[in-house]
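No experiment lies behind these values; they were computed from the predicted model shown.
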Amino acid sequence: MRHDRTSSSTNKWMPIAKEYDPLKAGSIDGTDEEPHDRAVWRAMLARYVPNKGVTGDPLLTLFVARLNLQTKEEKLKEVFSRYGDIRRLRLVRDLVTGFSKGYAFIEYKDERSLLNAYRDADGLIIDQNEIFVDYELERTLKGWIPRRLGGGLGGKKESGQLRFGGRDRPFRKPINLPAVKNDLHREGKRERRERSQSRERHWDPRPRDRDHDRGREKRWQERESSRAWPENDWERDRERDSRDDRMRGREKRDRNKWRLSSKAEDEDRA
């Protein structure tokens, strides 16, 4: 299994990328031929070298993300030690402030513990946060480009920079390919949730279309009726505007008379 994660990509379509390609990662089915955002361009031009200062066995290390910023090392050790003996745990912190960045790396002593945590810990709730668990990719996935350089995997829809081919957002099957059954790399939880919500919204399109047409017809009638201007209303409004103009003119004349009389009184006093 570890060999599969690091082997080179083949022509056969797979939901999980075997080699990191920024252009493919930016495509929902891995078939894009042109980058669709600037971040993909940056990732394609990046020359990233994994941090040589990182120690430990990359094939026994898990990446844990979406942590509550208040979660401490002790809490992570308590949760992940259920799956096996931990050799090393590193919660990534800001070098200046010392605050957690919301992700960590956990190295196990044996592969069975690693696989147990990979299978069962993904989606756990820790300190009110649903965490995400995957293998470390920086040193195991050929061609890896981190998120800060426009690469990475997963992401949120709000960011507009989704990356596919990982556990969170696997590649979807291209339309011209037959269905591929792969129990190990099932569709990601977020993908299933979004697709389920989409089906719930559109489970019966015909009544929705009829309601939509009726609503559109009603809005059109209201719009047309608002455009029509009855003659009685027109005459009434014109008469009201004329009356308002006369009143404003009378008030203006009264103010001018008052100014002239005041000025005359001031001159007489002088």
Side-chain angles (χ1 to χ4, degrees), residues 1-48 50 58-59 62-63 65-66 115 118-119 121-123 130-206 208-209:
M1 182 174 292
R2 289 183 295 173
H3 175 71
D4 290 340
R5 287 193 283 127
T6 56
S7 62
S8 60
S9 60
T10 64
N11 293 330
K12 183 180 179 181
W13 176 84
M14 291 293 290
I16 303 297
K18 301 301 180 182
E19 181 176 331
Y20 191 82
D21 184 335
L23 182 58
K24 291 182 178 180
S27 169
I28 193 170
D29 58 4
T31 60
D32 278 6
E33 297 181 355
E34 294 291 336
H36 69 275
D37 63 44
R38 293 182 179 179
V40 174
W41 272 115
R42 287 196 294 116
M44 293 173 64
L45 298 175
R47 296 293 180 266
Y48 178 72
L59 299 179
L62 290 179
F63 169 69
R66 301 173 191 164
L115 297 177
Y118 176 83
R119 183 188 63 234
D122 184 42
E130 182 178 339
I131 67 171
F132 172 70
V133 177
D134 198 357
Y135 297 117
E136 180 195 338
L137 299 178
E138 180 179 13
R139 296 179 292 168
T140 60
L141 188 62
K142 183 179 179 182
W144 173 254
I145 302 293
R147 169 66 68 172
R148 68 175 183 273
L149 298 179
L153 293 172
K156 297 181 179 180
K157 277 190 173 182
E158 295 80 4
S159 69
Q161 295 182 6
L162 298 179
R163 297 294 179 263
F164 299 89
R167 186 183 196 187
D168 190 32
R169 291 186 179 274
F171 288 128
R172 289 190 182 177
K173 179 179 67 65
I175 296 175
N176 60 344
L177 287 182
V180 175
K181 183 176 181 180
N182 192 317
D183 293 333
L184 177 61
H185 302 303
R186 297 182 298 273
E187 187 177 35
K189 293 195 300 295
R190 182 178 297 176
E191 294 287 315
R192 293 197 303 273
R193 183 163 57 246
E194 292 170 356
R195 186 172 300 197
S196 175
Q197 292 172 352
S198 177
R199 283 199 298 266
E200 291 174 0
R201 288 194 298 268
H202 304 94
W203 70 277
D204 190 359
R206 290 174 297 177
R208 182 202 61 185
D209 292 342

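Between the H36 side chain and the S27 main chain, no donor and acceptor come within less than 3.5 Å of each other. Side-chain atoms of D122 come within 3.5 Å of backbone N or O of V133 as a donor-acceptor pair. A donor-acceptor pair is defined here as one N or O able to donate and one able to accept, closer than 3.5 Å; no such pair exists between the side chain of R169 and the backbone of I28. Panel note: side chain Y48, backbone G151; no donor-acceptor pair is recorded below 3.5 Å.
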Trace of the side chain to side chain contact (heavy atoms under 4.5 Å, CB included) decision for K24 with E19:
CA-CA 10 Å; K24 291 182 178 180; E19 181 176 331; over 6 Å; no

What verdict does the side chain to side chain contact (heavy atoms under 4.5 Å, CB included) test give for Y135 and L62, after you've listed the backbone C-alpha separation in whole Å, the side-chain angles of each residue and the deciding distance to 0.1 Å?
CA-CA 5 Å; Y135 297 117; L62 290 179; 4.0 Å; yes

Side chain to side chain contact (heavy atoms under 4.5 Å, CB included) assessment of L137 paired with W144:
CA-CA 7 Å; L137 299 178; W144 173 254; 3.8 Å; yes

Show your working on side chain to side chain contact (heavy atoms under 4.5 Å, CB included) between L153 and Y20 and close with a plain yes or no.
CA-CA 9 Å; L153 293 172; Y20 191 82; 3.8 Å; yes

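Rounding to the nearest 0.5 angstrom, the gap separating the NZ atom in K142 from the OG1 atom in T140 is 13.5 Å. Here L59 contributes atom CG and E136 contributes atom CD; the two are 9.0 Å apart, rounded to the nearest 0.5 Å.
Nearest heavy atoms, G154 versus R147: O-NH2, 3.2 Å. Across all non-hydrogen atoms, the minimal contact from L149 to A46 is CD1-CB, 4.2 Å. For G123 against E130, the heavy-atom pair with the smallest separation is O-CG, 3.5 Å. Smallest separation of non-hydrogen atoms from T31 and P174: CG2-CG, 4.1 Å. Closest approach of V40 and G26 over heavy atoms only: CG2-CA, 4.4 Å.
In this structure, the side chain to side chain donor-acceptor pair (under 3.5 Å) partners of R119, at least two apart in sequence or on a different chain, are N116. With sequence neighbours excluded, the residues satisfying salt bridge (Lys or Arg N to Asp or Glu O under 4.0 Å) with D37 are R163.
For the pair R167 and Y118, the distance from NZ or CZ to the six-membered ring centre is under 6.0 Å and the angle to the ring normal is within 45 degrees.
Two residues are said to be in side-chain contact when any heavy atoms from C-beta on lie closer than 4.5 Å; P35 and M44 meet this criterion.
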